[in-house]
Amino acid sequence: MLWGALPYMVIVFCITATIWRYVTNPFSWTSKSSEMLEKRLLRWGSLLFHIGIFAVICGHIAGLLVPIEFYHWIGLSDEAYHMGAVFGGLPAGIIAFAGLVILLVRRYTARRVRATSSVGDWLALAMLIIVIVTGILATSANAVNHSGFDYRTTINPWLRGLLVFQPDPALMQTVPMNFKVHILLTFVLYCVFPFTRLVHMLSMPLGYLRRSYVLYRRRDGAVYPNQNQEQQKERAM
């Protein structure tokens, strides 16, 4: 039940709640930018978080969706893979964590930002921090203890089985508890996702590529001429 049906229940709930929000309250579908209220901490926190989380997502794709046979086929040894995962994945997680801490401090210490914060804002930050911390701790413990646990032979095929609707919960029996806690907390994050500003990651402003130009007018109603129009006017004179 826990590793067989629960993931599908979480996915269905996340998708359904996200669609429901978009249909019933489309104007809430926004990142709710607070840049005008405070910029310095936002600049550093947002930059670090987005760089770190992008690297973390790429690492998860490489580790959880790419079969171990592929790495053997290209001649990458298990030792080299795990060294890359530790020295690449841990810094990425720490960078994302540092960005989130800065954003959390900013939201608490900046009075105007705190006044405009919703429960969803705090919940999103808290869940992201918890999920990233548990991931860092799980990876670090596995590297320090030299337990020999390889998620490419357990979590990896379990996840790929879910994607093709052939789940095998037995694969999760030997997974260390810290990895299980990390995965379960990720499920909680998916359930929280539709009710927070995190939904903005599903939207890309592609409409800006084909939108009409914005015309600026003087107070007397005259349209500001662009540079080409000014040059043409000077040539005509």
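The chain is numbered in sequence order, starting from 1. Remember, it's a predicted structure, so these values are computed and weren't measured experimentally. Both backbone and side-chain heavy atoms feed into the values below; hydrogens, waters and symmetry mates do not.
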Checklist line | Backbone of Y108 reached by a side-chain donor or acceptor of R114 within 3.5 Å | finding: yes
Notebook entry, point to check: Within the side chain of S34, is there an N or O that forms a donor-acceptor pair under 3.5 Å with the backbone of L37?
Noted result: no
Checklist line | R152 charged N/C atom sitting above Y81 aromatic ring, 6.0 Å / 45° | finding: yes
Check: Taking it one step at a time, do L125 and R107 satisfy side chain to side chain contact (heavy atoms under 4.5 Å, CB included)?
Finding: CA-CA 10 Å; L125 277 175; R107 190 163 294 279; 3.8 Å; yes
Notebook entry, point to check: Do other residues, nucleotides or ligands put more than 12 heavy atoms under 6.0 Å from the CH2 atom of W20?
Noted result: no
Check: So do the side chains of V23 and I19 get within less than 4.5 Å of each other, counting heavy atoms only?
Finding: yes
Check: Counting only N and O atoms by type, is there a donor-acceptor contact under 3.5 Å from the side chain of R21 to the main-chain atoms of V199?
Finding: no
Next item on the list: For residues F179 and F149, establish whether the separation of their ring centroids is below 6.0 Å.
Entry: yes
Notebook entry, point to check: At their closest point, which heavy atom of I132 faces which heavy atom of A96, and how far apart are they?
Noted result: CD1-CB, 3.8 Å
Checklist line | Note: R106-E38 ion pair, threshold 4.0 Å (strictly below) | finding: yes
Check: Near F97 CZ, under 6.0 Å, is it more than 12 heavy atoms from other residues, nucleotides or ligands?
Finding: no
Check: Honestly curious: do M172 and L163 fall in one hydrophobic cluster under the side-chain, below-4.5 Å linking rule?
Finding: yes
Item checked: Heavy-atom pair with the smallest gap, counting every atom of L189 and M127 -> CD1-CB, 3.8 Å
Notebook entry, point to check: From I94 CD1 over to L48 CG, what is the distance, rounded to the nearest 0.5 angstrom?
Noted result: 12.5 Å
Notebook entry, point to check: Is a side-chain donor or acceptor of D168 paired with a backbone partner of G161 at a separation under 3.5 angstrom?
Noted result: no
Check: If every non-hydrogen atom of F187 is compared with every non-hydrogen atom of P7, which pair is closest and at what distance?
Finding: CZ-CG, 3.8 Å
Next item on the list: Tell me, yes or no, whether the heavy-atom count around Y8 atom OH, taken from other residues, nucleotides or ligands under 6.0 Å, exceeds 12.
Entry: yes
Note to self: Is there a path of hydrophobic side-chain contacts, each under 4.5 Å between heavy atoms, that joins I53 and W44?
What the structure shows: no
Item checked: For L65 against L159, the heavy-atom pair lying closest together -> CD2-CD2, 3.9 Å
Check: In terms of ring plane angle, is the pair H82 and Y151 parallel, tilted or perpendicular, where the classes change at 30° and 60°?
Finding: perpendicular
Next item on the list: Under the side chain to side chain contact (heavy atoms under 4.5 Å, CB included) rule, what do L202 and Y22 come out as? Steps first, then yes or no, please.
Entry: CA-CA 11 Å; L202 300 178; Y22 186 80; over 6 Å; no
Checklist line | In one Ile/Leu/Val/Met/Phe/Trp/Tyr side-chain cluster, 4.5 Å: I51, I102 | finding: no
Notebook entry, point to check: When you measure from the side chain of H200 to the backbone N and O of W29, does any donor-acceptor pair fall under 3.5 Å?
Noted result: no
Next item on the list: Let me know which of L123, V192, L128 forms a side chain to side chain contact (heavy atoms under 4.5 Å, CB included) with L198.
Entry: L128
Checklist line | Over 12 non-hydrogen atoms of neighbours within 6.0 angstrom of CH2 in W122 | finding: yes
Notebook entry, point to check: Roughly how far, to the nearest 0.5 Å, is OG1 of T116 from CZ of R111?
Noted result: 11.0 Å
Check: Which atoms form the tightest heavy-atom contact between V175 and K180, and what is the distance?
Finding: O-CE, 3.2 Å
Note to self: Working to the nearest 0.5 angstrom, can you tell me the gap between I68 CD1 and D150 CG?
What the structure shows: 4.5 Å
Note to self: Is there a side chain to side chain contact (heavy atoms under 4.5 Å, CB included) between V164 and R160? Walk through the geometry before answering.
What the structure shows: CA-CA 7 Å; V164 297; R160 287 188 286 115; over 6 Å; no
Checklist line | ILVMFWY cluster, V113 and I129 together (side-chain gap under 4.5 Å) | finding: no
Notebook entry, point to check: About how many Å separate CG of L100 and CD1 of I130, when rounded to the nearest 0.5 Å?
Noted result: 11.0 Å
Check: What's the shortest heavy-atom distance between I155 and L64, and which atoms?
Finding: CG2-CD2, 3.9 Å
Note to self: Could you check whether D121 and S118, counting side-chain N and O atoms only, form a donor-acceptor pair closer than 3.5 Å?
What the structure shows: yes
Notebook entry, point to check: Where the side chain of T16 meets the backbone of F13, is there a donor-acceptor pair that is under 3.5 Å apart?
Noted result: no
Note to self: Please tell me whether F193 and L6 are part of a single hydrophobic cluster in this structure, the criterion being side-chain heavy atoms less than 4.5 Å apart.
What the structure shows: yes
Margin query: For W3 and W158, take the angle between the two ring planes, folded into 0 to 90°, and tell me which bin it lands in: parallel under 30, tilted 30 to 60, perpendicular over 60.
Written below: perpendicular
Notebook entry, point to check: How long is the span from the OG1 atom in T134 to the CD1 atom in I136, to the nearest 0.5 Å?
Noted result: 8.5 Å
Check: Does the H182 side chain pair with the main chain of N178, one donor and one acceptor, at a distance under 3.5 Å?
Finding: no
Check: Quick one: are P169 and L2 in side-chain contact, heavy atoms under 4.5 Å?
Finding: no
Next item on the list: Report the residue from I11, V12, T18 that forms a side chain to side chain contact (heavy atoms under 4.5 Å, CB included) with C14.
Entry: T18
Item checked: OG on S46 to NZ on K39, rounded to 0.5 Å -> 13.5 Å
